[in-house]
K.L.:
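The following block contains the structure, expressed as structure tokens.
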Amino acid sequence: MTKAVGAALGALLFLVLLVLTGGAALTTQLSNGAAAASGFEAPSSRAKKDIPSTYLALYQRAAPECPGLSWTVLAAIGKVESDHGRHPTMRSSAGAIGPMQFLKPTFRQYARPVPPGGKKPPTPWDPVDAVYAAARMLCANGAKNGKDLRRAIFTYNHADWYVRKVLRTARRYGAAPATNGAAGKALAFARSQLGARYVWGGDGGQEGGFDCSGLTKAAYAAAGITLPRTAEEQYRATRKVSPGNPLKPGDLVFYGRPGNLHHVGLYAGRGRMIHAPKPGTTVRYESYTYAGHDFYAVTRPAQRGGHR
């Protein structure tokens with residue numbers, strides 16, 4: 001069997017399952033497999049109730065079109081634009097059409113290559129074509145590797161309220177790892193700051209943003225634990241996790257070397273952390289073993305001093 005034939009059969013199988021099962025089998029497979037493997041959230045109970053199974057599977061399948069883009073953002077845009085294709089006309093007064101509300105000239109910029117299961121020629125009325133085009137558009141405008149997700153969403157619809165609503169909906173659609181106690185409260189705070197701008201020396205106060213250690217300090221302050229201000233000081237003040245022990249959500253992950261620990265993030269589970277990377281970026285999810293990292297150690301703020 002040639003690769004081309006294999007790919008075609010794979011696409012056909014996807015469509016057959018989509019039609020015969022209403023997307024339920026694929027939704028389960030993607031929710032428990034592909035989504036977790038790619039480091040992004042499984043669907044929350046809210047997502048499963050609100051998003052039609054065929055659309056949920058499609059958002060998850062299309063998200064990897066843009067490295068670093070969570071399916072939850074695509075789903076949130078689909079919700080705001082057309083309630084996942086439920087809008088009675090799927091036409092706006094500005095001339096946008098289809099489930100992801102594209103103007104025809106904009107759609108043409110991002111419609112190709114035609115994804116498996118898409119129409120030929122592609123059309124903004126087709127959910128497969130539209131969702132893939134949306135992923136490509138977001139990617140081209142800042143969503144790739146989380147470089148500037150807010151700008152990408154703003155480019156999709158030029159309104160600050162729209163950006164806030166999409167990010168809020170996306171957070172509700174993702175099922176965060178179950179974490180209790182101080183670590184859970186710290187993570188809840190950090191998730192609430194996703195998209196906040198990087199500000200050197202910022203800890204969420206008058207500066208209106210965060211740097212890396214400002215974010216971790218503010219997150220644990222929300223959990224009733226006071227951390228020092230800098231990454232170096234936070235490393236010295238918190239309990240070390242011995243190499244080889246599994247990371248837990250809420251752990252602090254440090255980069256650099258003693259005496260020059262230049263970065264810290266908050267481990268969020270599934271190989272990802274929430275952090276404020278550097279000037280010109282925003283608070284975001286990222287693999288804690290990101291490209292070019294110099295990962296050094298892990299500590300557990302809820303347990304002070306010594307090693308574990």
Side-chain angles (χ1 to χ4, degrees), residues 38-40 67-68 142 144-149 176-177 179 182-205 207-223 225-308:
S38 65
F40 289 101
K144 186 174 182 179
N145 296 321
K147 182 179 179 182
D148 195 341
L149 182 59
T179 306
K185 292 177 182 177
L187 277 171
F189 177 89
R191 285 194 295 270
S192 74
Q193 303 305 317
L194 289 169
R197 63 193 180 98
Y198 181 99
V199 174
W200 179 262
D203 60 4
E207 304 89 352
F210 301 88
D211 64 8
C212 65
S213 57
L215 176 64
T216 51
K217 182 179 187 298
Y220 268 99
I225 293 178
T226 300
L227 295 181
R229 181 60 185 83
T230 69
E232 191 79 38
E233 292 168 336
Q234 290 178 11
Y235 173 74
R236 290 198 296 263
T238 48
R239 186 170 184 173
K240 313 303 180 288
V241 176
S242 299
N245 281 353
L247 279 69
K248 294 183 179 180
D251 285 350
L252 298 182
V253 286
F254 293 89
Y255 301 82
R257 290 292 180 267
N260 186 29
L261 290 172
H262 60 84
H263 190 58
V264 60
L266 189 68
Y267 186 68
R270 300 192 184 106
R272 292 188 303 159
M273 64 177 171
I274 301 174
H275 70 148
K278 58 186 177 181
T281 66
T282 59
V283 174
R284 69 195 192 197
Y285 279 112
E286 191 163 23
S287 169
Y288 85 97
T289 54
Y290 57 88
H293 74 86
D294 54 355
F295 171 74
Y296 175 68
V298 182
T299 71
R300 199 153 288 158
Q303 300 172 329
R304 298 300 189 89
H307 281 264
R308 179 185 183 279

K.L.:
Between M273 and G265, what is the shortest heavy-atom contact and its length?
P.N.:
SD-CA, 3.9 Å
K.L.:
S213 and side-chain hydrogen bond (donor to acceptor under 3.5 Å, both in side chains): which single residue from E233, Q234, E232, R229 fits?
P.N.:
R229
K.L.:
Which pair of non-hydrogen atoms, one from P249 and one from A183, has the smallest distance, and what is that distance?
P.N.:
O-CB, 3.5 Å
K.L.:
Looking at R300, R239, R272, K240, which hits salt bridge (Lys or Arg N to Asp or Glu O under 4.0 Å) with D251?
P.N.:
R300
K.L.:
Between D211 and K217, does at least one N-O distance fall below 4.0 Å, as a salt bridge requires?
P.N.:
no
K.L.:
Side chains of V253 and F295: does their closest heavy-atom pair fall under 4.5 Å?
P.N.:
yes
K.L.:
Could you check Y255, Y296, F254, Y288 and say which one makes a ring-ring contact (aromatic ring centres under 6.0 Å, His included) with H263?
P.N.:
Y255
K.L.:
Nearest heavy-atom pair of F189 and A219: which atoms, and what distance?
P.N.:
CD2-CA, 3.4 Å
K.L.:
How close do G250 and P301 get, heavy atom to heavy atom, and via which atoms?
P.N.:
O-CD, 3.8 Å
K.L.:
With a 4.5 Å limit on heavy-atom distance, are the side chains of F210 and V283 in contact?
P.N.:
yes
K.L.:
Please walk me through it: do D294 and H262 pass side-chain hydrogen bond (donor to acceptor under 3.5 Å, both in side chains)?
P.N.:
CA-CA 10 Å; D294 54 355; H262 60 84; 2.8 Å; yes
K.L.:
With side chain to side chain contact (heavy atoms under 4.5 Å, CB included) as the test, would you mind laying out the steps for T238 and L227 before giving the verdict?
P.N.:
CA-CA 8 Å; T238 48; L227 295 181; 3.7 Å; yes
K.L.:
Would you name the heavy atoms of A276 and C212 that are closest together and state the gap between them?
P.N.:
O-CB, 3.6 Å
K.L.:
Would a 4.5 Å heavy-atom cut-off, applied to side chains only, mark L252 and L266 as touching?
P.N.:
yes
K.L.:
Can you confirm whether V264 sits close enough to Y235 that some side-chain heavy atom of one is under 4.5 Å from a side-chain heavy atom of the other?
P.N.:
no
K.L.:
Mind telling me whether W200 and Y198 have parallel, tilted or perpendicular rings, with 30° and 60° as the class edges?
P.N.:
tilted
K.L.:
How long is the gap from NE2 on H275 to OG1 on T281, to the nearest 0.5 Å?
P.N.:
7.0 Å
K.L.:
Is there a side chain to side chain contact (heavy atoms under 4.5 Å, CB included) between I274 and L215 once you walk through the steps?
P.N.:
CA-CA 9 Å; I274 301 174; L215 176 64; 4.3 Å; yes
